[in-house]
Amino acid sequence: MGCRNNDSEKIENRLKDVSYKVHNLLCETEILKDSITIKWNTFNTLLEANVPPEMPEREKRNLLQLSNAPLIRIFKWYNRLDENIKKELRKVEIQDSLTVVTILKISGQLKELEDEKIQLLMKLEKTDKARLDSINQELFTIIEKPCS
């Protein structure tokens, strides 16, 4: 029985470690999303100050709601924008692409950790089924803790 408790303890510790890693990756994703949203908002503020004055209000409103460089370039008014605005658009587009790549990598890491968590929970069920509900609640609390 002592061996089982030791195995259960090792599994629980690894589950907690996995859950902290999941939490940290989820927080990192949240930070990345917030950061790129701020960059798009900053760009759209710059764009708003520099759209041609004769641009129809509805078209201007539609343009300023976008966070997608290729769609912004489709607007007929794009060619009339200052070159500095176009450069800023390219910068935010590159940052957006890099953010997407990073988030995709994190998603892959989260999938691997989730797979590991499932395997560990299956092992724990065999060694200490009575602890399963309790440890699941602990893991949930770790993962759902607010990011700081």
Side-chain angles (χ1 to χ4, degrees), residues 1-51 58-75 77-79 81-148:
M1 192 77 171
C3 183
R4 263 182 191 228
N5 287 339
N6 191 27
D7 287 348
S8 294
E9 189 176 314
K10 286 179 184 176
I11 292 169
E12 287 182 30
N13 287 338
R14 182 62 192 148
L15 278 164
K16 289 175 185 176
D17 184 48
V18 165
S19 295
Y20 281 113
K21 287 179 180 179
V22 167
H23 171 74
N24 290 339
L25 289 170
L26 291 171
C27 289
E28 186 178 340
T29 301
E30 188 177 304
I31 290 166
L32 287 166
K33 288 178 179 179
D34 289 348
S35 175
I36 199 61
T37 297
I38 289 167
K39 288 175 182 165
W40 274 112
N41 289 344
T42 301
F43 171 77
N44 282 331
T45 299
L46 177 67
L47 181 60
E48 182 175 23
N50 288 281
V51 293
R58 182 175 178 195
E59 196 169 346
K60 179 180 174 181
R61 207 173 40 249
N62 290 338
L63 175 66
L64 296 174
Q65 290 177 355
L66 295 174
S67 296
N68 182 308
L71 288 179
I72 290 171
R73 288 188 190 99
I74 290 174
F75 278 78
W77 300 96
Y78 175 78
N79 291 330
L81 294 174
D82 182 83
E83 286 304 311
N84 288 330
I85 302 296
K86 293 176 184 178
K87 285 179 188 174
E88 289 302 314
L89 176 61
R90 183 69 185 134
K91 284 182 192 176
V92 77
E93 178 181 32
I94 290 168
Q95 292 167 338
D96 194 358
S97 295
L98 293 172
T99 300
V100 168
V101 168
T102 303
I103 289 173
L104 286 173
K105 286 180 185 175
I106 291 172
S107 293
Q109 293 171 328
L110 287 168
K111 169 87 172 80
E112 289 173 11
L113 289 168
E114 185 61 29
D115 291 346
E116 182 179 356
K117 184 177 124 188
I118 289 168
Q119 292 299 315
L120 289 166
L121 286 170
M122 289 168 51
K123 285 181 184 177
L124 185 62
E125 185 176 31
K126 291 177 184 173
T127 60
D128 194 355
K129 192 171 185 170
R131 269 291 282 142
L132 207 52
D133 286 341
S134 173
I135 193 69
N136 262 326
Q137 186 56 46
E138 287 180 52
L139 302 178
F140 178 81
T141 301
I142 291 168
I143 291 170
E144 295 299 317
K145 181 176 74 162
C147 299
S148 51

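Using a cut-off of 4.0 Å between Lys/Arg side-chain N and Asp/Glu carboxylate O, R73 and E93 are scored as salt-bridged. Salt-bridge check for E114 with K111: failed, with every basic side-chain N at 4.0 Å or more from each acidic carboxylate O. Salt bridge status for K10 with D7: absent, with no side-chain N to carboxylate O gap under 4.0 Å. Between E28 and K105 there is no salt bridge, since no side-chain N of the basic residue sits under 4.0 Å from a carboxylate O of the acidic one.
Note that CG of N24 is 10.5 Å distant from OG1 of T29, once rounded to the nearest 0.5 Å. The line from CG of D115 to CG of L110 is 11.0 Å long, rounded to the nearest 0.5 Å. In this structure, CG on N41 lies 12.0 Å from CG on L47, to the nearest 0.5 angstrom.
Within the 3.5 Å criterion, the main-chain N or O of I31 finds no donor-acceptor partner in the side chain of S35.
Applying the side-chain contact (heavy atoms from CB on, under 4.5 Å) test between L32 and each of T37, L98, T99, V100 identifies T99 as the sole match.
When all heavy atoms are compared, the tightest approach of F43 to I85 is CE1-O, 3.5 Å. Considering every non-hydrogen atom in both S67 and N44, the closest pair reads OG-ND2, 4.3 Å. Scanning both residues, K86 and N79, for their nearest heavy atoms gives NZ-O, 3.5 Å.
For the pair E9 and D128, the minimum side-chain heavy-atom distance is 4.5 Å or more. Within the 4.5 Å cutoff, side-chain heavy atoms of I135 are placed close to those of L121. In this structure, I36 and W40 have side chains that are in contact, with non-hydrogen atoms separated by less than 4.5 Å.
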